[in-house]
Structure formats: C-alpha cells, structure tokens
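One-based numbering along the sequence shown. One-based numbering, in listed order, for ligands and for the atoms of each.
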Amino acid sequence: MQNVSVALYQPPATLTQLFVSPQTDAVVRRAHVRDVPRLYELINYYAARGDMLPKTLDQLYNRIREFHVADVEGEVVGCAGLKITWQDLAEVVSVAVHPEFQGCGLGQRLVESLFVEAQEMSVTSLFTLTLQVGFFSRLGFREVPRLHLPHKIWQDCSGCFKQDRCDEVAMVRSVL
Ligand SMILES: CC(C)(COP(=O)(O)OP(=O)(O)OC[C@H]1O[C@@H](n2cnc3c(N)ncnc32)[C@H](O)[C@@H]1OP(=O)(O)O)[C@@H](O)C(=O)NCCC(=O)NCCS
C-alpha cells in the first residue's frame, strides 16, 4: 500500500496550475478514486473562501461513488455530487468548477449528469443548500423555506461549523 500521510495533506491556498485550456472539450464522467486529491483541492479551495462546505479526504474517499467530474485531457476541472437522502430524495452537493473553466457550461453539465443518475436511481426530488441561487435557479431549482426540507437532512448540520449562522438557501427541483 502506498504510504500516504492523510493528516499532512493540506489544500494549497491557490489551485494547482492546469496545463489544459478552457477551449478543450471536457468529458463529464463518474469520479474515480484517483480523482480524490483534485476534488479535495478544488472543494476546499472554495470552502476556504466561504463558498461551500469543506470536505475531508476521508469523506471524499468514503463517498467517491457520489461524485461526477468534468475531465479535460485527464485533468479534473469540476465536480458535483449526488447524495441520496431518503426514498425519493437526494441532495446536490459540492458543485465546483475551476476558476479558469467557469462560464463554459461545465457547472450545468455536471448538475445535469446528476439529474440522469437521479432518474436512474428513481429519485424524484432534488434539493440543495447553496449560496449560488442564480446558478441553481437557471437549472430549474426554486427556493423553499429551509424548514420545508425533511427533518432528517438537518442531522448533517450538527457537525457543521456553520450550524449556528447558516446562510445557505434551500432550493428544490423535481427530477421528473
Ligand atoms: C457556481 C458554479 C459551479 C457555476 O459553474 P459554471 O461552470 O461557471 O456555470 P455554467 O457555465 O454551467 O453556467 C450555467 C448557467 O448558469 C448561469 N450562472 C452561472 N453562475 C451563476 C451565478 N452565480 N448566478 C447566476 N447565474 C449563474 C450561467 O450564466 C449559465 O446561464 P446561461 O446558460 O443562460 O448562460 C461555479 O461558479 C463555481 O464553481 N463557483 C464556486 C463554487 C460554488 O460556489 N459552488 C456552488 C456550491 S453549492
């Protein structure tokens, strides 16, 4: 087994330089285990700026099956996750696109890829907790009062550093 020091791995303040161009076509695909270090870097880069919640390496390895990535010539430049919550409900989590690749439609393609998976899984409703209301509105989500979401989802909030000052907006969308 490779000798990896999980505790010592910290995301850099800046993202690793990419050697691919936003003009190059991206493939949206299911994440592989080898993508975890780049997901960790991308998600925590935005988390450090307060845009989204952080993820540990442990969480990402445990939940790598939830993730879809945008891949440009082998470089991961975006990600999004679908977390099944209940019988007919799933959460869209950790949608992030590398700054150099924003505005190219990758965020939309990643979330649409989650829609396909949700349909395959017979999930009928999606929700997200986000600061990017405009982006998710564009993708058919609508704002709802946070307490309209099932009580079960708030269990996750108990470990969140934002739990007493949460500023995220609850949004829902039907998958049908
Ligand atoms: C939010 C984010 C994922 C969008 O990714 P992106 O690849 O730049 O978005 P796309 O190019 O796919 O945009 C799709 C549509 O949404 C619109 N859009 C994108 N970001 C938007 C925003 N912040 N507000 C309003 N509309 C937005 C685009 O204009 C586009 O609409 P159009 O087709 O009518 O032109 C990206 O900006 C990002 O990674 N932000 C930092 C991390 C973050 O905040 N993630 C959300 C966590 S929940």
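Not a single N or O atom of F101, backbone or side chain, sits closer than 3.5 Å to an N or O atom of ligand 1. Between V95 and ligand 1, an N or O atom pair is found at a separation short of 3.5 Å. Taking only nitrogen or oxygen atoms, main chain and side chain alike, M52 does not reach within less than 3.5 Å of ligand 1. Distances between N or O atoms of G105 and those of ligand 1 include at least one value under 3.5 Å. Ligand 1 has no N or O atom lying under 3.5 Å from any N or O atom of T128, backbone or side chain. Residue L131 places no N or O, backbone or side chain, under 3.5 Å from any N or O of ligand 1.
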Under the side chain to side chain contact (heavy atoms under 4.5 Å, CB included) criterion, do F141 and V172 qualify, and how do the steps go?
-> CA-CA 5 Å; F141 286 77; V172 298; 5.6 Å; no

Evaluate the criterion side chain to side chain contact (heavy atoms under 4.5 Å, CB included) for residue pair V72 and T24; output intermediate values, then yes/no.
-> CA-CA 7 Å; V72 177; T24 313; 3.7 Å; yes

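Less than 4.0 angstrom separates atom 43 (C) of ligand 1 from at least one non-hydrogen atom of the protein. Within a 4.0 Å radius of atom 29 (O) of ligand 1, the protein contributes no non-hydrogen atoms.
Looking only at distances, a side-chain donor or acceptor of H98 sits under 3.5 Å from a matching main-chain atom of E100. T128 contributes no side-chain N or O that, together with a main-chain N or O of T130, makes up a donor-acceptor pair within less than 3.5 Å.
Of all the atoms in ligand 1, the ones that sit under 4.0 Å from a non-hydrogen atom of C104 are 11 (O). Every atom of ligand 1 with a heavy atom of G134 under 4.0 Å away is listed here by number and element: 24 (N), 25 (C), 26 (N). Near L106, the atoms of ligand 1 lying under 4.0 angstrom from a non-hydrogen atom of the residue are 7 (O), 12 (O). The A96 neighbourhood of ligand 1 comprises atoms 39 (O), with distances under 4.0 Å to a heavy atom of that residue. Residue-ligand proximity, D51 to ligand 1, at heavy-atom distances under 4.0 Å covers atoms 44 (O).
When only non-hydrogen protein atoms are considered, atom 39 (O) of ligand 1 lies nearest to V97 N, 2.8 Å. Scanning all protein heavy atoms for the shortest distance to atom 7 (O) of ligand 1 gives G107 N, 2.8 Å. Among all protein heavy atoms, the one lying closest to atom 12 (O) of ligand 1 is Q108 N, 2.8 Å. Distance from atom 48 (S) of ligand 1 to its nearest protein heavy atom, with residue and atom name: T130 OG1, 3.2 Å. Among all non-hydrogen protein atoms, the one lying nearest atom 8 (O) of ligand 1 is G103 N, 2.8 Å. Here the heavy atom of the protein found nearest to atom 38 (C) of ligand 1 is Q102 NE2, 3.3 Å. Shortest contact from atom 23 (N) of ligand 1 to any protein heavy atom: Q132 OE1, 2.7 Å.
There is a path of hydrophobic side-chain contacts, each under 4.5 Å, that joins V92 to I84.
Listed by chain and number, the residues in a side chain to side chain contact (heavy atoms under 4.5 Å, CB included) with V133 are S137, E143, V169, M171 (sequence neighbours excluded).
With a 4.0 Å cut-off on non-hydrogen atoms, S94 does not touch ligand 1 at all. Heavy atoms of R138 found under 4.0 angstrom from ligand 1 belong exclusively to the side chain. At a heavy-atom distance under 4.0 Å, atoms from both the backbone and the side chain of F135 approach ligand 1.
Side-chain N/O atoms of E41 and T16 include a donor and acceptor closer than 3.5 Å.
For the pair R173 and F115, the distance from NZ or CZ to the six-membered ring centre is under 6.0 Å and the angle to the ring normal is within 45 degrees. For the pair R49 and Y45, the cation-pi test (distance below 6.0 Å, angle within 45°) is passed.
Residues T85 and F127 are in side-chain contact: their nearest non-hydrogen atoms beyond the backbone lie under 4.5 Å apart. Residues L60 and K55 are in side-chain contact: their nearest non-hydrogen atoms beyond the backbone lie under 4.5 Å apart.
For residues 75-98, the salt bridge (charged side-chain N to carboxylate O under 4.0 Å, His left out) pairs, not counting sequence neighbours, are R38-E75, K83-D156.
The existence of a salt bridge linking R29 and D35 is confirmed by a sub-4.0 Å separation between a basic side-chain nitrogen and an acidic carboxylate oxygen.
Atom CZ of R30 is surrounded by more than 12 heavy atoms from other residues, nucleotides or ligands within 6.0 Å.
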